[in-house]
Amino acid sequence: MAAINITNVSKIYAGGVEAVKSVSIDIVDGEFIVLVGPSGCGKSTLLRMVAGLETISKGTVEIGDRIINDVEPAERDIAMVFQNYALYPHMTVYNNLAYGLKNRGTPKAEIDARVAEAARMLELEKYLERKPRALSGGQRQRVAMGRAIVRKPAAFLFDEPLSNLDAKLRVSMRGEIRQLQKRLGTTSIYVTHDQLEAMTLADRLVVLNGGEIEQIGRPLEVYHTP
Ligand code: ADP
Ligand code: ADP
């Protein structure tokens, strides 16, 4: 758990496209921030800079008082949840959940305890020996969430995690994500182009347009009806 401070951050891609233009957001420890806006407004570029998947052209990103511009993605103490789940198809659910911890040399007893805890929270206990192809879309998304949870990171970064699910499942999964995040208190940045999803999830919304912040505030401040 940690505050995230994004200060005057810009992204200029090779070829000169300025995808993010001097954006500053101070995210409080435990806060759930949603980046929302039309396709191409710079949401995922901003998220990917926080994650370390894109270099930061200008400005700084701090996670818990540490400037992470030059810190390797794996050392940033963040966990990312993607729309395509990014699960290992040949591994069981247990091994998908355990993989990152094994790589870090976490002791087996600790791995088993964390996997069991995540599986309990996500109601995956009965599916630990299955491979992803034998799961429903919602269960796969829970495994993806579980892989983030077991790391006990300072922050979760969500990149349109629900956009592959059907409308009904999307609504129930976003409720689950919000409850889990509240329970864990993990600072989160969530990217979506869906305004309703943004309003439902956000403590604060950041509306991006052309790489700049158009509005920032609580959902009712941003989408007020006169
Ligand atoms: P969003 O996530 O809001 O859809 P993106 O962050 O993906 O927006 O893109 C913002 C802008 O940056 C767009 O104009 C897009 O075409 C451009 N862009 C994204 N990725 C790259 C890249 N790798 N190289 C050059 N331009 C890019
Ligand atoms: P694979 O078949 O891919 O080689 P396994 O399923 O045999 O992998 O599991 C590898 C490791 O994970 C073993 O140490 C095993 O004890 C452990 N493991 C697998 N499933 C569970 C589970 N449900 N709970 C605890 N440990 C498990």
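Computed from a predicted structure; not experimentally measured. Just follow the structure's listing: the first ligand is 1, and inside any ligand the first atom is 1.
Looking only at heavy atoms of the protein, atom 26 (N) of ligand 1 is closest to Tyr13 CD1, 3.3 Å. In terms of protein heavy-atom proximity, atom 7 (O) of ligand 1 is nearest to Ser44 OG, 3.3 Å. Of the protein's non-hydrogen atoms, Gly42 N, 3.2 Å is the one closest to atom 8 (O) of ligand 1. For atom 6 (O) of ligand 1, the nearest non-hydrogen atom of the protein is Thr45 OG1, 2.5 Å.
The pair Asp203-Arg178 counts as a salt bridge, with a side-chain nitrogen and a carboxylate oxygen less than 4.0 angstrom apart. Between Glu31 and Arg204 there is a salt bridge, with a side-chain nitrogen of the basic residue lying less than 4.0 Å from a carboxylate oxygen of the acidic one. Look at Glu62 and Arg66 and you find no salt bridge, because none of the NZ, NE, NH1 or NH2 atoms lies under 4.0 Å from a carboxylate O. With respect to Lys11 and Glu18, no salt bridge is recorded, no charged nitrogen being found less than 4.0 Å from a carboxylate O. With respect to Glu117 and Lys152, a salt bridge is recorded, a charged nitrogen being found less than 4.0 Å from a carboxylate O. A salt bridge links Lys108 with Asp112: the closest approach of a Lys/Arg side-chain nitrogen to an acidic carboxylate oxygen falls below 4.0 angstrom.
Distances below 4.0 Å separate heavy atoms of Cys41 from the following atoms of ligand 1: 1 (P), 3 (O), 8 (O). Listed by atom number, the atoms of ligand 1 under 4.0 Å from Ala19 heavy atoms are 10 (C), 11 (C), 12 (O).
If you chain together hydrophobic residues whose side chains sit under 4.5 Å apart, Ile68 and Ile4 fall into the same group.
Using a 30° and 60° split on the angle between ring planes, Phe32 and Phe158 fall in the parallel class, below 30°.
In terms of polar-atom proximity, defined here as any N/O pair under 3.5 Å, Ala14 makes no such contact with ligand 1. At a 3.5 angstrom cut-off on N or O pairs, Glu54 does not count as close to ligand 1. The distance criterion of under 3.5 Å between nitrogen or oxygen atoms is met by Gly40 with respect to ligand 1.
Under 4.0 angstrom from ligand 1, the non-hydrogen atoms of Pro38 all belong to its backbone.
The presence of a protein heavy atom under 4.0 Å from atom 16 (O) of ligand 1 is ruled out. By the definition of a contact as any protein heavy atom under 4.0 Å away, atom 11 (C) of ligand 1 is in contact.
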